[in-house]
Amino acid sequence: MNDRVAIAEVPGGLFAVLRYRGHMTEARFLKHAELLRATLQRDGLETVGEPVSAVYNGPWTQPFMRGNEVMIRLRSGDPASD
């Protein structure tokens with residue numbers, strides 16, 4: 001096993017997702033997280049927890065081809081699953 005690889009289990013649920021391309025940096029992630037959060041708030045959707053980053057390509061992939069996502073879990077209305 002490689003020490004540089006971390007596996008994290010994320011509880012299931014309903015997530016709002018915003019995809020963006022290019023290098024994944026903390027600043028870009030925060031910018032897109034705020035954009036997604038503002039859109040959800042505008043649409044009256046309640047969120048649970050903090051935004052999660054998903055990065056799909058290795059560092060050798062050209063920036064215009066890289067796929068990144070910011071995900072925010074939505075409140076389902078079921079207290080047992082939120």
Side-chain angles (χ1 to χ4, degrees):
M1 181 178 255
N2 188 328
D3 303 5
R4 297 180 301 169
V5 175
I7 298 175
E9 187 172 334
V10 177
L14 180 63
F15 287 81
V17 177
L18 177 63
R19 182 169 188 189
Y20 60 100
R21 296 203 176 273
H23 287 287
M24 202 324 248
T25 64
E26 183 72 15
R28 293 193 75 210
F29 169 73
L30 293 173
K31 172 186 162 186
H32 288 89
E34 185 53 39
L35 177 61
L36 179 56
R37 196 178 308 231
T39 301
L40 295 171
Q41 185 176 23
R42 180 199 69 204
D43 293 346
L45 296 169
E46 192 176 346
T47 63
V48 177
E50 295 301 313
V52 177
S53 175
V55 180
Y56 295 104
N57 304 106
W60 59 88
T61 304
Q62 295 295 319
F64 69 92
M65 295 180 67
R66 291 183 184 194
N68 307 299
E69 294 177 344
V70 58
M71 307 182 302
I72 300 178
R73 190 167 184 217
L74 300 176
R75 183 166 306 280
S76 68
D78 178 6
S81 65
D82 287 338

Tyr20 OH to Leu36 CG distance, which is reported to the nearest 0.5 Å: 11.0 Å

Spacing of Leu74 atom CG and Leu14 atom CG [to the nearest 0.5 Å]: 4.5 Å

Closest non-hydrogen atom pair between Met71 and Val17, with its separation: CG-CG2, 3.8 Å

Where Arg21 and Met65 come nearest, the two heavy atoms and their spacing: NH1-O, 3.3 Å

Whether Arg73 side chain and Gly12 backbone form a donor-acceptor pair below 3.5 Å: yes

Gap separating the CG atom of Asn57 from the CD atom of Gln62, nearest 0.5 angstrom: 11.0 Å

Flag, side chain of Asn68 to backbone of Gly22, donor-acceptor distance under 3.5 Å: yes

Spacing of Thr47 atom OG1 and Arg37 atom CZ [to the nearest 0.5 Å]: 6.0 Å

Nearest non-hydrogen partners of Val70 and Pro51, listed with the distance: CG2-CB, 3.9 Å

Rounded distance (nearest 0.5 Å) linking atom CH2 of Trp60 with atom CZ of Arg66: 9.5 Å

Between OG1 on residue Thr25 and NZ on residue Lys31, distance to nearest 0.5 Å: 9.5 Å

Given Arg19, Glu69, Met24, the one that forms side chain to side chain contact (heavy atoms under 4.5 Å, CB included) with Tyr56: Glu69

Asn2 (side chain) donor-acceptor with Arg4 (main chain) under 3.5 angstrom: yes

